[in-house]
Amino acid sequence: MLIRSPRMAVILLLLVSFIWGAEFVLIDLAIELIPTHTFNSVRFLLAALSLLPLLWLTRKQYADMCWRPLLGASALLGLLLFAGFYTQTEGMRYTSVSNAGFITGMNVPLVPLLGFLLFKTRAAISVWIGMIIATCGLYLLTIGDKLEFNQGDVLVLICAFCFAIHIILTGRFVDKLPVIPLSILQLFAVAIYSSVSAGLSSEPAFYHAGSSPLSWQDLAVSPIIISAVLISGVLGTAYAYWAQSACQQILESHKVALIFATEPVFAYLAAWFFLEEELGSKGFIGAGLIIAAMLIAELGDRKRKVKIAPLDQTTAIT
């Protein structure tokens with residue numbers, strides 16, 4: 001299906017942003033029933049499988065593909081995704097969905113900052129301004145008058161760093177390696193890492209220690225688990241990949257960046273509607289500052305093009 005209307009492209013990308021934001025609520029509900037490693041192993045296995053049709057349709061492009069560098073890059077990128085999604089999902093057990101959504105968005109200003117620190121990639125003045133604003137926003141959102149970080153906020157902040165490094169390294173790999181096989185293999189890698197971690201963990205694989213024992217059959221018929229896995233695995237990955245790839249053919253990248261900045265807003269709205277979460281006045285100010293920092297870091301340097309790669313959880317300059 002080809003997207004010919006810019007208006008339709010905006011609607012489709014807003015739907016992607018809505019799915020990414022709203023799935024925070026489903027995942028928050030799911031991890032009350034199922035351990036993080038087990039949930040992520042199923043989620044990313046399904047995500048990888050959902051992209052196989054794309055690989056089949058483009059299979060002729062990979063006849064002479066060199067597998068060794070592809071497998072190495074996929075293992076490394078998959079490890080970063082594994083760490084990022086584990087800390088994000090685990091962190092949601094201890095913090096609010098709203099905080100998780102906005103703190104995850106911190107990876108946007110972190111990308112150019114870490115790119116400068118790790119690889120001496122030039123960082124524009126807008127990046128430093130964005131980081132200062134984001135730090136102030138993070139303080140108001142998570143600390144406020146308490147003068148301490150919640151354990152979950154710390155875990156989700158680690159997630160933001162993992163996502164940022166993942167985006168930086170992805171930008172270095174995609175010029176030499178095919179995007180679709182690289183995406184699928186790293187998703188399979190996350191599923192493998194999560195499965196191994198679940199097997200090695202001292203806690204039960206299918207339920208939390210101290211709660212009523214559950215079998216995999218119980219989880220397989222749970223509406224919450226099924227919904228969370230299907231939406232995050234299929235819609236949040238396969239549909240998002242197709243929509244972003246198709247819509248960027250007719251929309252400028254800075255418009256896509258602006259649309260994807262709404263993801264944490266959708267996360268908050270979903271948490272407010274379904275979980276009755278409230279940010280409070282300082283939380284609203286902090287969340288607004290983080291979104292402003294995202295946009296400044298993405299769009300502030302007019303001399304550089306905003307480059308957005310499919311499967312990035314948020315947008316970034318790479």
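The chain is numbered in sequence order, starting from 1.
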Under the criterion side-chain contact (heavy atoms from CB on, under 4.5 Å), I'd like the reasoning laid out for Tyr139 against Thr135: C-alpha separation, chi angles, the key distance, then a yes or no.
CA-CA 6 Å; Tyr139 174 85; Thr135 302; 5.8 Å; no

When you look at Leu45 and Phe188, which way does the side-chain contact (heavy atoms from CB on, under 4.5 Å) test go after all the steps?
CA-CA 6 Å; Leu45 176 61; Phe188 273 123; 3.6 Å; yes

Please evaluate residues Glu23 and Ser232 with respect to the criterion side-chain hydrogen bond (donor to acceptor under 3.5 Å, both in side chains), reporting the C-alpha separation (whole Å), side-chain torsions for both, the decisive distance (0.1 Å), and the verdict.
CA-CA 6 Å; Glu23 70 182 15; Ser232 62; 4.9 Å; no

Going through the checks in order, is the side-chain hydrogen bond (donor to acceptor under 3.5 Å, both in side chains) test met by Glu203 and Ser201?
CA-CA 5 Å; Glu203 295 190 357; Ser201 174; 4.9 Å; no

Verdict with reasoning, Thr36 to Glu90, per side-chain hydrogen bond (donor to acceptor under 3.5 Å, both in side chains):
CA-CA 6 Å; Thr36 298; Glu90 188 70 10; 2.6 Å; yes

Begin with the C-alpha distance, continue with both residues' side-chain angles, and end with the deciding distance and a verdict on side-chain contact (heavy atoms from CB on, under 4.5 Å) for Leu49 and Leu52.
CA-CA 5 Å; Leu49 293 174; Leu52 288 180; 3.7 Å; yes

side-chain contact (heavy atoms from CB on, under 4.5 Å), that's the test. Do Val229 and Phe39 meet it? Break it down for me.
CA-CA 8 Å; Val229 168; Phe39 176 78; 3.8 Å; yes

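The distance between the ring centers of Tyr193 and Phe44 does not fall below 6.0 angstrom. In this structure, Trp128 has its ring center under 6.0 Å from that of Phe116. A distance of 6.0 Å or more separates the ring centres of Phe266 and Phe24.
Side-chain contact between Pro178 and Met65: present, with at least one pair of heavy atoms (C-beta onward) separated by less than 4.5 Å. Using a 4.5 Å heavy-atom cutoff, the side chains of Glu32 and Met92 are not in contact. Side-chain contact between Ile184 and Ile180: present, with at least one pair of heavy atoms (C-beta onward) separated by less than 4.5 Å. Side-chain contact between Leu71 and Ser74 is absent, with no heavy-atom pair separated by less than 4.5 Å. The closest side-chain heavy-atom distance from Thr104 to Gln88 is below 4.5 Å. With contacts defined as side-chain heavy-atom distances shorter than 4.5 Å, the pair Leu110/Leu113 qualifies. Residues Thr87 and Phe161 are not in side-chain contact: their nearest non-hydrogen atoms beyond the backbone lie 4.5 Å or more apart. Residues Asn99 and Ser96 form a side-chain contact, since some pair of their non-hydrogen atoms from C-beta on lies under 4.5 Å apart.
The shortest non-hydrogen separation linking Ala160 to Asn107 is O-CB, 3.2 Å.
Ring pair His37/Tyr86 is parallel by interplanar angle, where below 30° counts as parallel and above 60° as perpendicular. Between Tyr268 and Phe102, the two ring planes are tilted [angle within 30° to 60°].
Proximity of a side-chain donor or acceptor of Arg43 to a complementary backbone N or O of Asn40 within less than 3.5 Å is not detected. A donor-acceptor distance shorter than 3.5 angstrom exists from the side chain of Ser50 to the backbone of Ala47, with no hydrogens or angles considered. Thr38 places a side-chain N or O within 3.5 Å of a backbone atom of Ala205 that can act as its donor or acceptor partner. At least one donor-acceptor pair closer than 3.5 Å links the side chain of Thr170 to the backbone N or O of His166. The closest donor-acceptor contact from the side chain of Glu276 to the backbone of Trp272 lies at 3.5 Å or more, if one exists at all.
By the criterion of side-chain heavy atoms lying less than 4.5 angstrom apart, applied directly or through intervening Ile, Leu, Val, Met, Phe, Trp or Tyr residues, Val97 is grouped together with Leu33 in one hydrophobic cluster.
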